[in-house]
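Below is one structure; the comments refer to it alone.
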Amino acid sequence: MAKKDKKNKRPFQLSEKQLGYTMIAPSIILILLVVIWPIMLSGWNSLFDYRLNDPTRSERIMSESLNMETYADNRYLIEQSVTELSDLEPEAAADLEAAEATADEYHEALMEDEAMQEQYNEVNNRLENFEPISSGLLIASLDGDWGSEFNQALSTHIDTIRSYQENLGEEEAVEFGYMASQLEGLQGSVLDSNFVGAENYAQYLTNARTWTAMGNTVVFTVASVGFELILGLSVAILINRAFKGRGLVRTAVLVPWAIPTAVAAMMWSYLYDGQSGIVAHYMAQLGIISDPGVLLTTAGGSMFSIILADVWKTTPYMALLLLAGLQTIPRSLYEAAEVDGANRWQQFVSVTLPLLKPAILVALLFRTLDAFRVFDLIYVLTGGGPANATESISVYAYKALFEQQNFGAGSALSVIVFVSVAIISVIFVKMIGSDLFAERTKR
């Protein structure tokens, strides 16, 4: 009987919950790698004064450290220079040797750590053989107050050598200047911690330019999404009707959305040009603007220009989402409303809008998040100008991160953009989504 039960034993099966998690595991891993990890890295970078254009801040350093390449390079040069300068100026020999002795004393203390000695020898050998040095070998953490004591001990010797330099001839002064510079290079190899905590956030959240960029972003988002919703709904209702050539019209409507944003922005920059732009010319002729040149040279004109370009490009996307919602509404509901005597407007208010709310929510959510993160359209069309009048928060973050190579500040701005987008998402879900869920519950 036991053997029979063993033979009839069912094979291992996953529960419904386990099967669900297994199915979505690849997507979760992809989201962690592509979305969550970069956000976490930006958050970590934002806690440092991290700048690629400053050698002393080109790494994230939590405590006092040593740039091993700079240290090893200057130590080697000092050893070579002391003998040459002693022969050149015998009166300075004692001071030069004292400077070298000070450097040697601290070097011996540094090399008591076997790991530090191994790292120094590796870097020194690579320098001698003109081999590249990996970033893992460049920075070495220091214990205690070694760096500050080392720099203070060298300062006196540097001042002494500079005093000799002032009283020597031109050739000798240059050589002594090299020696002083090498000692200063040794000082510069000691790197202070560039961990600043929330200082980057405090700086930018109290910065007028940040709030100007945030205000520009909000104005652009509200205006462009509002116009796109109205126009997109109108277009969706129009192309939802049955008429001859409807397929061709639907295809033509989607053309602006299919054009890459950077290409569309470049195209509109020519149309807005004050001298040869046809849009600027006809707007001036119709009295919409006072002069063709105002569209890209004034604050109001530039903001109007980027909103118009965005509305032209993205209205088809809004119309496509709303069209999908319209096609889910049964035709029988309109027929019933018509039998009850409802006119076109009453049918739209009583049937179309209530049933289209889910599609409107999705369209508004997608477009608001997309518009709030706008970058390429503004960067190509106006560059954020004139005088930062159209600079969005994303454009500001790009300028800090890549143009100024300030990774700490740029990462802080990127995190601010992420938090703002998250807040917008929560507002949509809580304020609008709750109404939809309530309506579905009633049904």
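Quick caveat: nothing in here was measured; it's all calculated off a predicted structure.
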Checklist outcome for this item: Sorted by chain and residue number, the side-chain contact (heavy atoms from CB on, under 4.5 Å) partners of Thr261 (sequence neighbours excluded) come out as Lys313, Asp376, Leu377

Item to check | Arg344: side-chain hydrogen bond (donor to acceptor under 3.5 Å, both in side chains) partners, not counting sequence neighbours | outcome: none

Item to check | Arg75: partners by salt bridge (Lys or Arg N to Asp or Glu O under 4.0 Å), with sequence neighbours left out | outcome: Glu79, Asp104

Item to check | Set of side-chain contact (heavy atoms from CB on, under 4.5 Å) partners for Val253, sequence neighbours left out | outcome: Val235, Val249, Pro316

Checklist entry - So, does Ser224 use its side chain to make a donor-acceptor pair with the main chain of Asp310 at under 3.5 Å? => result no

Next on the checklist: Considering only residues two or more places apart or on different chains, which pairs with a residue in residues 346-370 satisfy ring-ring contact (aromatic ring centres under 6.0 Å, His included)?
Outcome noted: Trp345-Phe348

Checklist outcome for this item: Across all chains, not counting sequence neighbours, the salt bridge (Lys or Arg N to Asp or Glu O under 4.0 Å) partners of Glu184 are Arg162

Checklist outcome for this item: Residues passing the side-chain contact (heavy atoms from CB on, under 4.5 Å) test with Glu118, sequence neighbours excluded, are none

Item to check | Asn151 side chain to Tyr106 side chain, donor-acceptor N/O pair below 3.5 angstrom | outcome: no

Next on the checklist: Does the plane of the ring in Phe195 sit parallel, tilted or perpendicular to the ring in Trp44? Use 30° and 60° as the thresholds.
Outcome noted: tilted

Item to check | Test: Glu69 and Arg126 ion pair at under 4.0 Å | outcome: no

Checklist outcome for this item: Glu338 meets the salt bridge (Lys or Arg N to Asp or Glu O under 4.0 Å) criterion, sequence neighbours left out, with none

Side-chain donor/acceptor pairs under 3.5 Å, residues 407-416, sequence neighbours excluded:
| residue | atom | partner | partner atom | Å |
| --- | --- | --- | --- | --- |
| Ser411 | OG | Phe407 | O | 2.6 |
| Ser414 | OG | Gly410 | O | 2.9 |

Checklist entry - Asp49: what forms a salt bridge (Lys or Arg N to Asp or Glu O under 4.0 Å) with it, not counting sequence neighbours? => result Arg51, Arg57

Checklist outcome for this item: By side-chain contact (heavy atoms from CB on, under 4.5 Å), Asp192 pairs with (sequence neighbours left out) Glu64

Next on the checklist: For Tyr379, give me all partners under ring-ring contact (aromatic ring centres under 6.0 Å, His included), at least two apart in sequence or on another chain.
Outcome noted: Phe375, Tyr398

